[in-house]
Amino acid sequence: MSMETREFLSAARIDVGMMTAWIEAGWLGPHCKSEEFLDIDVARARLIRDLTDIGVNDEGIPVILNLVDQLHGLRRALHEVLSAVRAQPETRPGGMPSRTSRSY
């Protein structure tokens, strides 16, 4: 779901200055520049706000965001691998089909 800037600011509980600074710092994605925000942008902005609230400095924020992005990328890749494995017929060692994969 996309939302306008005002809705985003309210949902993320940040002000225009914070949003602008975070976009300029590259902490919020490029689609934010079109002033259409997604739910993922709200979650990211809330994370940034929470990190600054607990004392993470400006140098630490991009490091943490990068790690979070990597984690999500790995989860997505793992999901794709698991889907591909589940789509394959079950085989026994040596390449023989298992009894459960035979059709009679």
Side-chain angles (χ1 to χ4, degrees):
M1 175 178 100
S2 66
M3 60 187 84
E4 297 297 320
T5 302
R6 185 174 41 204
E7 294 173 283
F8 169 75
L9 293 171
S10 176
R13 292 178 276 200
I14 61 172
D15 60 37
V16 174
M18 292 170 123
M19 178 192 72
T20 303
W22 295 351
I23 290 172
E24 288 174 0
W27 298 351
L28 291 176
H31 56 278
C32 294
K33 294 177 183 171
S34 69
E35 295 192 13
E36 285 194 12
F37 297 91
L38 305 174
D39 292 335
I40 191 75
D41 298 314
V42 172
R44 191 172 182 94
R46 286 180 179 174
L47 173 61
I48 295 166
R49 191 197 61 232
D50 290 346
L51 291 170
T52 57
D53 287 350
I54 63 170
V56 176
N57 62 24
D58 287 351
E59 291 78 28
I61 300 287
V63 172
I64 294 169
L65 293 175
N66 186 306
L67 291 171
V68 168
D69 292 343
Q70 287 182 39
L71 178 63
H72 284 289
L74 290 171
R75 287 181 68 205
R76 188 172 29 257
L78 180 59
H79 177 73
E80 290 171 7
V81 168
L82 288 173
S83 294
V85 167
R86 288 181 182 137
Q88 296 296 314
E90 192 176 325
T91 59
R92 295 187 312 198
M96 298 292 295
S98 69
R99 290 182 182 178
T100 57
S101 65
R102 288 185 184 164
S103 57
Y104 293 95

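These values consider heavy atoms only, across backbone and side chains, with no hydrogens, waters or symmetry-generated copies. Nothing here was measured: the structure is a model prediction, and the numbers come from that model.
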Student: Nearest heavy-atom pair of E59 and P62: which atoms, and what distance?
Tutor: O-CD, 3.6 Å
Student: Determine whether L28 and I48 satisfy the following criterion, side-chain contact (heavy atoms from CB on, under 4.5 Å), listing intermediate values before the conclusion.
Tutor: CA-CA 9 Å; L28 291 176; I48 295 166; 4.2 Å; yes
Student: Among L65, L51, L47, which residue meets the side-chain contact (heavy atoms from CB on, under 4.5 Å) test with W27?
Tutor: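 Going through the options one by one, the only one that passes is L65.
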Student: Say whether, by atom type as modelled, one donor and one acceptor occur between the side chain of R46 and the main chain of R13 under 3.5 angstrom.
Tutor: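 Such a contact is absent between R46 side chain and R13 backbone.
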Student: So F8 and F37, would you call those rings parallel, tilted or perpendicular, with 30° and 60° as cut-offs?
Tutor: parallel
Student: If hydrophobic clusters are built by linking Ile, Leu, Val, Met, Phe, Trp and Tyr wherever their side-chain heavy atoms come under 4.5 Å apart, do V63 and V68 end up in the same one?
Tutor: no
Student: Are M3 and V16 linked, directly or through intermediate hydrophobic residues, by side-chain heavy-atom contacts shorter than 4.5 Å (ILVMFWY only)?
Tutor: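 Linked, V16 and M3 end up in one cluster.
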Student: Can you give me the closest heavy-atom contact between L38 and D41, atom names plus distance?
Tutor: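 Nearest pair, atom of L38 first, then D41: N-OD2, 2.7 Å.
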Student: What distance separates L74 CG from Q70 CD, expressed to the nearest 0.5 Å?
Tutor: 7.0 Å
Student: Measuring from E24:CD to M19:CE, what's the distance to the nearest 0.5 Å?
Tutor: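 So the gap between those two atoms works out to 9.5 Å.
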Student: Give a yes or no on whether V56 and L67 share a hydrophobic cluster (residues Ile, Leu, Val, Met, Phe, Trp, Tyr; joining criterion: side-chain heavy atoms under 4.5 Å apart).
Tutor: no
Student: Working note: T5 + L9, criterion side-chain contact (heavy atoms from CB on, under 4.5 Å); need CA distance, chi angles, decisive distance, verdict.
Tutor: CA-CA 6 Å; T5 302; L9 293 171; 3.9 Å; yes
Student: If you group Ile, Leu, Val, Met, Phe, Trp and Tyr by side-chain heavy-atom gaps below 4.5 Å, do I54 and I14 land in one group?
Tutor: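 They do share one cluster, since a chain of ILVMFWY contacts under 4.5 Å joins I54 to I14.
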